[in-house]
Amino acid sequence: MEAILRAERLGWILWLVTLLVAGGVAFTPRLRSAGWRTQGPLFLVVALHPGSWMSARAGDCGRTLVAGSILVAALAPLVAGFLYWRSGRAANAAR
């Protein structure tokens, strides 16, 4: 039972970290000027994060929840960096 609770807690913590990364990047002036539609992948990463919807009580004591949460939490800064880079290229192309 302790492993299940630890997995659920880690899933929620990693979801919060992902939410903070996505929220922090979404409010940078560079991405805000690109518009809210370009930030869709960031919000998709937060919405699909297993820590917010997956249960640890499904038979494997939360191993799938922890692995998925780590994967998506590691993916969030990569998506944020890509969107930040792409918005800079779009701004330079408009000049």
Side-chain angles (χ1 to χ4, degrees):
M1 186 67 171
E2 185 178 323
I4 294 172
L5 295 175
R6 186 177 27 224
E8 286 179 344
R9 190 175 325 128
L10 183 60
W12 280 108
I13 289 170
L14 289 175
W15 179 74
L16 181 64
V17 168
T18 304
L19 182 66
L20 290 174
V21 166
V25 172
F27 286 108
T28 58
R30 187 170 172 173
L31 278 181
R32 285 182 63 201
S33 67
W36 288 103
R37 285 186 165 181
T38 60
Q39 298 173 14
L42 274 177
F43 299 119
L44 186 65
V45 167
V46 172
L48 294 179
H49 195 285
S52 65
W53 59 268
M54 185 181 279
S55 174
R57 302 170 195 271
D60 65 349
C61 293
R63 288 187 195 107
T64 305
L65 170 65
V66 171
S69 294
I70 290 171
L71 178 70
V72 175
L75 185 66
L78 295 175
V79 170
F82 175 73
L83 291 176
Y84 192 80
W85 172 74
R86 192 175 73 179
S87 68
R89 284 190 57 199
N92 288 337
R95 289 184 200 178

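Residue indices begin at 1 and follow the sequence shown. In this text, all values refer to a predicted model and were calculated from it rather than measured experimentally.
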Quiz prompt | Considering all heavy atoms, the nearest Glu8-Ser55 contact | solution = OE2-OG, 4.3 Å

Practice problem: Identify the two heavy atoms, one from Arg86 and one from Thr38, that lie closest to each other, and give their separation to 0.1 Å. | Solution: NH2-O, 3.9 Å

Exercise. List the atom of Trp12, the atom of Ser52, and the distance in Å for their closest heavy-atom pair.
Key: CH2-O, 4.2 Å

Practice problem: State yes or no: do Ile70 and Leu65 share one hydrophobic cluster built from I, L, V, M, F, W and Y residues joined by side-chain heavy-atom distances below 4.5 Å, directly or via other members? | Solution: no

Exercise. Report yes or no: do Leu42 and Leu75 belong to one cluster of Ile/Leu/Val/Met/Phe/Trp/Tyr joined by side chain heavy-atom distances under 4.5 Å?
Key: yes

Quiz item: Is there a side-chain contact between Pro41 and Leu83, using heavy atoms and a 4.5 Å cut-off?
Solution: yes

Quiz item: Is there a side-chain contact between Val25 and Arg30 (heavy atoms, below 4.5 Å)?
Solution: no

Exercise. Could you tell me the separation between the CD1 atom of Ile13 and the OG1 atom of Thr18, rounded to the nearest 0.5 Å?
Key: 12.0 Å

Quiz item: Between CE of Met1 and CG of Leu5, what distance do you get to the nearest 0.5 Å?
Solution: 5.0 Å

Quiz prompt | Hydrophobic cluster identity match, Trp53 and Val72, side-chain contacts under 4.5 Å | solution = no

Practice problem: Taking all non-hydrogen atoms of both residues into account, name the closest pair between Pro50 and Ser69 and its distance. | Solution: CG-N, 3.9 Å

Quiz prompt | Rounded distance (nearest 0.5 Å) linking atom NE2 of His49 with atom CG of Leu71 | solution = 9.0 Å

Practice problem: Please name the pair of heavy atoms, one in Cys61 and one in Ala7, separated by the smallest distance, quoted to 0.1 Å. | Solution: O-CB, 3.8 Å

Exercise. Determine yes or no for a side-chain-to-main-chain donor-acceptor pair under 3.5 angstrom, with Trp15 supplying the side chain and Val46 the backbone.
Key: yes

